[in-house]
Asker: 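I have a structure here, written as C-alpha cells, and I will follow up with some questions on it.
Here is how names work: the chains are called A, B, and so on, in the same order as the sequence lines, proteins then strands, and each is numbered from 1. From a predicted model like this one, the values you see are computed outputs, not experimental measurements.
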Protein chains: 2
Amino acid sequence: MSKDKRPPDWSALVGMQPSVGLMPTSLREAATRIRTDSHATLFRSGDPVCHVYLVIDGEARLIRLARHGGEVILQRSRGGFIAEASLDSKAYHCDAVTPEPSTLLLFPVVAFRTALEDDRAFCKAWQSQLAKEVRKLRAQCERLSLHSAADRITHYIESEGDDGVVTLRQSRKSWAAELGLTHEALYRALRRMQDDGTLSIEGTRFTRKA
Amino acid sequence: MSKDKRPPDWSALVGMQPSVGLMPTSLREAATRIRTDSHATLFRSGDPVCHVYLVIDGEARLIRLARHGGEVILQRSRGGFIAEASLDSKAYHCDAVTPEPSTLLLFPVVAFRTALEDDRAFCKAWQSQLAKEVRKLRAQCERLSLHSAADRITHYIESEGDDGVVTLRQSRKSWAAELGLTHEALYRALRRMQDDGTLSIEGTRFTRKA
DNA sequence: CGTACTTTTGAATCGCATCAAATCTGGTGG
DNA sequence: CCACCAGATTTGATGCGATTCAAAAGTACG
C-alpha cells in the first residue's frame with residue numbers, strides 16, 4: 001500500500017460517479033491517493049471510521065466472514081465509492097479488501113462531513129447516491145430470494161445489464177458468490193441455459209434470449 | 001382508504017423514527033393522514049412518484065411479483081418510512097401494499113424535496129436514515145446468501161434482535177418470505193432448532209442458545 | 001516451466017421446494 | 001353463542017436442485 005502524490009484525473013471520475021462532479025474543491029484537495037496490492041486490507045471490522053473510499057482503478061470489497069469459514073461479499077465496487085454508509089458511524093462493521101492491485105482515493109470523514117454540511121449541491125448528490133445504493137441493494141435482495149440458479153442469472157442480466165445483455169467485470173467464481181451460489185452451481189446453470197438456448201455467452205458477454 | 005383530518009401525534013412518531021423529529025413544521029403541515037384497508041394498494045410499479053410514506057400504525061410493504069406468481073418482499077415497514085429511496089425517482093419501481101388495515105402519513109415529494117434543501121438538520125438526519133437503510137439491506141443480503149434455514153434464522157436473531165432475543169412483529173409465514181424460505185421450511189427448521197436446544201420459543205419471542 | 005487460480009466435469013448426498021392435507025386461529029355474521 | 005370462513009400453522013411424502021467433495025483441464029503470470 002503506497003501513497004501517490006499526483007493529483008487524480010477528476011474529469012474521468014465524474015463519468016463513473018456523478019456525485020464526484022459536485023464535490024467541493026476543498027474536499028478534493030483533502031484526498032490522498034493510494035495503491036494497494038492484491039489481497040490488501042483497507043480496514044477491519046471494529047476499526048474507527050476515518051476515511052470514505054473511492055475506487056479509481058481495480059476493485060474493493062466489503063466482506064464478512066461467515067461462521068463456517070465462507071466469505072460473504074457485502075459490497076463490491078469498481079469505479080465508485082465504498083463504505084459510504086459508514087460515513088455516519090463510529091466504527092466499521094465489516095472488513096474491506098482489494099482482491100487485485102488497485103488505486104483508491106481516501107477522503108477524511110471529517111472533511112467529508114464538513115463538505116456535506118457546507119455544500120448544498122454536493123449534499124443533494126450524495127443523497128441520490130445513497131438512494132441509488134438502496135435501490136440496488138433491494139434488487140439484490142430480490143435476486144437472492146429467487147430459488148433457482150437460472151432465475152438469479154436471468155434477474156442479474158435484466159437488472160444489471162442493458163436490454164438483456166451484460167458484460168461481466170469479474171470472474172465467474174466471484175459472480176457466483178454475488179449470486180449466492182457455489183461456483184459449480186453457476187457453471188452448470190450457465191451450461192444448461194446455453195443448451196436450452198435461453199442464454200448465449202461470448203467471452204464475458206452474456207445475452208439473454210426468449 | 002379514507003382521509004383523516006386530525007393532526008397526528010408527532011412526539012410519538014419521533015420515538016420510532018428520529019428523522020421525523022427534525023422535520024420542519026412546513027413539511028409536517030403538508031402531510032395528509034390516511035387509513036387503509038387490509039390488502040390495500042398504495043401505488044403500483046410505474047406510477048409517478050408523488051408521496052413519501054410514513055407508516056404510523058399497521059404495516060406497509062414494497063413488493064414485486066416474481067415470474068412464477070410468487071411475491072417477493074422488498075421492504076417491510078412498521079413505524080417508519082417506506083419508499084424513501086424513490087424520493088429522487090420519477091416513477092416507482094415496485095408495488096406498495098398494506099397487508100393489514102393501517103394508518104399512514106403522506107408527504108408530497110415536492111414539499112419533501114424543498115424541506116431537504118432548506119433545512120440543514122433535516123437533510124443530515126435524512127442522510128443517516130438512508131445510510132442506516134443501506135446497512136440494514138447489506139445485512140439482509142448477507143443473510144440471504146447463507147445456505148441453510150437454520151443459519152438464516154440465527155443470523156436474523158443476531159442482527160435484528162437484541163442480545164440473542166428477538167420478538168417477532170409479523171406472522172411466521174411472512175417471516176419465511178423475508179428469510180427467502182417457504183413457510184414449511186421455516187416451520188421445520190424452527191422445530192429442529194428447538195429439538196436441538198439451540199432455540200427456545202415462547203409465543204413471538206425467539207431466544208438463541210449456545 | 002512451475003505455481004496459483006479459475007474453469008469445468010463427475011458422483012453422492014442433503015436440504016429445501018413442492019404438493020397435499022389436517023388442524024388451529026381469529027374474526028364475521030346469523 | 002355458534003357456525004363459518006380465511007388465513008396461519010403444522011405434518012407428511014416426494015423429487016429436484018444445490019451443496020459438497022473430488023479431481024482434471026485450462027489459463028495467467030512470474
Asker: Which nucleotide of DNA chain C is the first, and which the last, in the 5' to 3' direction, to come under 4.0 Å of a heavy atom belonging to chain B?
Answerer: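 So the contact region on DNA chain C extends dC16(C) to dA20(C).
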
Asker: Would you indicate what Ala149(B) reaches in the nucleic acid, counting non-hydrogen atoms under 4.0 angstrom: base, sugar-phosphate, or nothing?
Answerer: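 Answer is sugar-phosphate: Ala149(B) comes under 4.0 Å of backbone atoms only.
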
Asker: Taking the six-membered ring for Trp, are Tyr53(B) and Tyr92(B) parallel (under 30°), tilted (30 to 60°) or perpendicular (over 60°)?
Answerer: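 Plane angle between 30° and 60°, so tilted.
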
Asker: Can you check whether Gln17(B) reaches Gln129(B) side chain to side chain, under 4.5 Å on heavy atoms?
Answerer: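 SC-SC contact between Gln17(B) and Gln129(B) confirmed.
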
Asker: Who are the side chain to side chain donor-acceptor pair (under 3.5 Å) partners of Arg188(B), not counting sequence neighbours?
Answerer: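 By the side chain to side chain donor-acceptor pair (under 3.5 Å) rule, Arg188(B) matches no residue at all.
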
Asker: For the pair made of CG in Asp195(B) and C1' in dT10(D), what is the distance, rounded to whole Å?
Answerer: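 So the CG-C1' distance, Asp195(B) to dT10(D), works out to 14 Å.
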
Asker: Among Gln140(A), Glu84(A), Arg61(A), which residue meets the side-chain hydrogen bond (donor to acceptor under 3.5 Å, both in side chains) test with Gln75(A)?
Answerer: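 Of all the options given, the one that passes is Glu84(A).
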
Asker: Expressed as a whole number of angstroms, how long is the span from Leu144(A):CG to dA18(D):P?
Answerer: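 Going from Leu144(A) (CG) to dA18(D) (P), I get 14 Å.
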
Asker: For Ser11(A), what residues pass the side chain to side chain donor-acceptor pair (under 3.5 Å) criterion, not counting sequence neighbours?
Answerer: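 For Ser11(A) the side chain to side chain donor-acceptor pair (under 3.5 Å) partners, ignoring immediate neighbours, are Asp9(A).
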
Asker: Taking side-chain contact (heavy atoms from CB on, under 4.5 Å) as the test, write out the residues that go with Ser128(B), two or more places apart.
Answerer: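 For Ser128(B), the residues satisfying side-chain contact (heavy atoms from CB on, under 4.5 Å) (neighbours in sequence not counted) are Asp88(A).
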
Asker: Find the distance Tyr187(A):OH to dA18(D):P and express it as a whole number of Å.
Answerer: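 Taking atom P of dA18(D) as the reference, OH of Tyr187(A) is at 16 Å.
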
Asker: My understanding is that only residues two or more places apart in sequence, or in another chain, count here; which of them pass side-chain contact (heavy atoms from CB on, under 4.5 Å) with Ala96(B)?
Answerer: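 Counting only residues at least two positions away or on another chain, Ala96(B) forms a side-chain contact (heavy atoms from CB on, under 4.5 Å) with Leu42(B), Phe43(B), Leu62(B).
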
Asker: Between the protein and nucleotides 21-29 of chain D, list every N/O to N/O distance that falls short of 3.5 Å.
Answerer:
| residue | atom | partner | partner atom | Å |
| --- | --- | --- | --- | --- |
| dC21(D) | N4 | Glu184(A) | OE2 | 2.9 |

Asker: Over all heavy atoms of both residues, which pair between Phe122(B) and Met23(B) is shortest? Give the atoms and the distance, please.
Answerer: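 Closest approach of Phe122(B) to Met23(B): CD1-CA, 3.8 Å.
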
Asker: Identify each donor-acceptor pair in which a side-chain atom of residues 194-203 of chain B lies under 3.5 Å from a protein atom, sequence neighbours left out, and give them as a table.
Answerer:
| residue | atom | partner | partner atom | Å |
| --- | --- | --- | --- | --- |
| Thr198(B) | OG1 | Met193(B) | O | 3.2 |

Asker: Mind checking whether Arg135(B) and Lys132(B) have side chains closer than 4.5 Å, heavy atoms only?
Answerer: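 Yes, close enough: below the 4.5 Å cut-off.
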
Asker: According to side-chain contact (heavy atoms from CB on, under 4.5 Å), who are the partners of Ser45(A), at least two apart in sequence or on a separate chain?
Answerer: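 So Ser45(A) forms a side-chain contact (heavy atoms from CB on, under 4.5 Å) with Asp95(A).
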
Asker: Strictly below 4.0 Å, heavy-atom distances to any atom of DNA chain D: list the hits from residues 166-181 of chain A, or just say none.
Answerer: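 Result for residues 166-181 of chain A: Gly180(A), Leu181(A), sorted by number.
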
Asker: Under the side chain to side chain donor-acceptor pair (under 3.5 Å) rule, collect the residues that match up with Gln170(B), sequence neighbours excluded.
Answerer: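 Result, side chain to side chain donor-acceptor pair (under 3.5 Å) vs Gln170(B): Arg76(B), Ser174(B), Glu178(B).
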
Asker: Taking five pairs at each end, how big is the angle between the two axes of the helix from dC1(C)-dG30(D) to dG30(C)-dC1(D), to 10°?
Answerer: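 The value is 50°.
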
Asker: Taking any heavy-atom pair under 4.0 Å as a contact, classify Arg192(A): base, sugar-phosphate, or nothing.
Answerer: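 Sugar-phosphate contact only - Arg192(A) comes under 4.0 Å of backbone atoms but never of a base.
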
Asker: Which residues pass the side chain to side chain donor-acceptor pair (under 3.5 Å) test with Glu133(B), sequence neighbours left out?
Answerer: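 Only Arg138(A) meet the side chain to side chain donor-acceptor pair (under 3.5 Å) criterion with Glu133(B).
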
